[in-house]
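Note that this is a predicted model, so its numbers are computed, not measured. Reminder, nothing fancy here: chain letters follow the sequence lines and each chain counts from 1.
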2 protein chains.
Amino acid sequence: MAAVRPYTCGLDAAADVIGGKWKPRILWALHHGPRRFGELRKEVTGVTEKMLIQQLRELESRHIVHREVFHQVPPKVEYSLTELGESLNIALMPLDQWGADHMTEIEASRPC
Amino acid sequence: MAAVRPYTCGLDAAADVIGGKWKPRILWALHHGPRRFGELRKEVTGVTEKMLIQQLRELESRHIVHREVFHQVPPKVEYSLTELGESLNIALMPLDQWGADHMTEIEASRPC
DNA sequence: CACCTCACTGACTTTTTGGTAAGTACCTGA
DNA sequence: TCAGGTACTTACCAAAAAGTCAGTGAGGTG
């Protein structure tokens, strides 16, 4: 989903940041606090390691998530929301609520 | 962006509905009232006829937009938001606001 | 010394999405 | 009869996103 640039509205810009199959799920998982890579892999069911890391790196480069490495063996890496990420998640709440409210309708009208 | 089903959260469901390069732009354009096909083509700059109709059909099948044909020559077809579409647009407003508020940061950190 | 965990990384393939360009149908007015 | 305006439709191709799968490194455990 290559977004149009320069953005024509805020929605456009936001879509560019949260676009992709896994980013909303990841944001959702991080909503309740920092998570290790392995924890995210479990919580975001269905994601592969490659996609997870790819999306995390994108979110990191957009300053939505923060990555912290603990120099241990075995390694430990924690991902958390930045302030910007928190504000994004807050802005996403009504959308999540909308989706929850209309889930049955959405399911019913899903293509095939 | 094939969404995971069954949905794991409301955000997931919402993402399935508004996913695609042009849907947020179309929703945005319809926010201010009904629009004819040709009007949308002009307002949603850069969209091709094929993509526009494709996205409109998807939104229609999800009961987000309403399509009304006026039997005239030359033809006239008007697209408008349904109640569900209106409620979706309202839920999208905070996200639009977030995007507008942080547009410069988002632009600055955009990939390449 | 072999094996384990954890967090990656990279090559390659498949699937999905989007874009191009041409054509259709209809009636109107010149 | 022929161009024009409007809303599509189709076949084909390109690009982007996602998936598969095998492999890496570093230190701790048996």
Side-chain angles (χ1 to χ4, degrees), chain A residues 1-5 8 12 15-27 29-30 34-62 65-80 110-112, chain B residues 1-5 8 12 15-27 29-30 34-62 65-80 110-112:
Chain A
M1 190 201 315
V4 182
R5 286 184 297 235
T8 57
D12 240 26
D16 196 25
V17 172
I18 59 165
K21 183 169 172 181
W22 302 105
K23 293 208 188 73
R25 303 275 308 275
I26 294 170
L27 256 25
L30 289 176
R35 289 287 185 276
R36 298 183 59 171
F37 181 82
E39 291 173 330
L40 285 174
R41 202 181 41 200
K42 283 191 201 80
E43 288 184 35
V44 181
T45 53
V47 74
T48 61
E49 297 192 333
K50 183 202 154 194
M51 288 314 294
L52 181 56
I53 200 96
Q54 197 176 97
Q55 304 297 301
L56 283 169
R57 295 261 193 265
E58 285 177 30
L59 290 170
E60 195 193 349
S61 78
R62 297 316 207 122
V65 311
H66 170 73
R67 176 171 179 267
E68 188 157 8
V69 181
F70 296 79
H71 293 286
Q72 312 174 344
V73 169
K76 172 177 173 180
V77 179
E78 240 183 35
Y79 294 89
S80 55
R110 76 192 186 197
C112 181
Chain B
M1 193 201 317
V4 182
R5 286 183 299 236
T8 56
D12 240 27
D16 197 25
V17 172
I18 59 166
K21 183 168 172 180
W22 302 106
K23 293 207 188 77
R25 302 276 307 275
I26 294 171
L27 256 24
L30 290 175
R35 290 285 186 277
R36 298 183 58 173
F37 181 80
E39 292 173 330
L40 285 175
R41 202 181 40 200
K42 284 190 199 81
E43 289 185 34
V44 181
T45 53
V47 75
T48 62
E49 297 192 332
K50 180 201 153 193
M51 287 314 295
L52 181 55
I53 200 94
Q54 197 176 94
Q55 303 298 300
L56 282 169
R57 295 260 192 268
E58 286 178 28
L59 290 170
E60 195 193 350
S61 77
R62 299 308 212 128
V65 311
H66 171 73
R67 176 171 179 268
E68 188 154 9
V69 181
F70 296 81
H71 293 285
Q72 313 174 344
V73 170
K76 172 177 172 181
V77 180
E78 239 182 37
Y79 294 90
S80 55
R110 77 193 185 198
C112 180

Over how many whole Å does the gap from [X] atom [atom1] to [N] atom [atom2] extend?
X        : N       : atom1 : atom2 : answer
Arg41(A) : dT5(C)  : CZ    : P     : 11 Å
Met51(B) : dA14(D) : CE    : C1'   : 13 Å
Lys42(A) : dC6(C)  : NZ    : P     : 7 Å
Gln55(A) : dC8(C)  : CD    : C1'   : 15 Å
Glu68(B) : dA7(D)  : CD    : P     : 14 Å
Trp22(A) : dA18(D) : CH2   : P     : 9 Å
Phe70(A) : dG28(D) : CZ    : C1'   : 20 Å

NA contact type, [X], heavy-atom cut-off 4.0 Å: base, sugar-phosphate, or nothing?
X        : answer
Arg57(A) : sugar-phosphate
Glu39(A) : nothing
Tyr79(B) : sugar-phosphate

Does [N] have OP1 or OP2 sitting under 4.0 Å from an N or O in the side chain of [X]?
X        : N       : answer
Arg36(A) : dA7(C)  : yes
Arg67(B) : dC8(D)  : yes
Lys21(B) : dG19(C) : yes

>> I need a per-nucleotide contact map over nucleotides 25-30 of chain C, read 5' to 3'. Cutoff is protein heavy atoms under 4.0 Å; write B for the base, S for backbone only, - otherwise.
In response: --B---
>> At 10 degrees resolution, what angle do the end axes of the helix from dC1(C)-dG30(D) to dA30(C)-dT1(D) form when each is taken over five base pairs?
In response: 30°
> Closest heavy-atom contact between Arg62(B) and Arg110(A)?
Replying inline: NH1-CA, 3.4 Å
> Closest heavy-atom contact between Ala29(B) and Leu40(B)?
Replying inline: CB-CD2, 3.8 Å
>> Is there, by distance only and without an angle test, a donor paired with an acceptor across the side chain of Lys50(A) and the base of dG19(D) below 3.5 Å?
In response: yes
>> Arg36(A): which residues meet the side chain to side chain contact (heavy atoms under 4.5 Å, CB included) condition with it, sequence neighbours left out?
In response: Glu39(A), Lys76(A), Glu78(A)
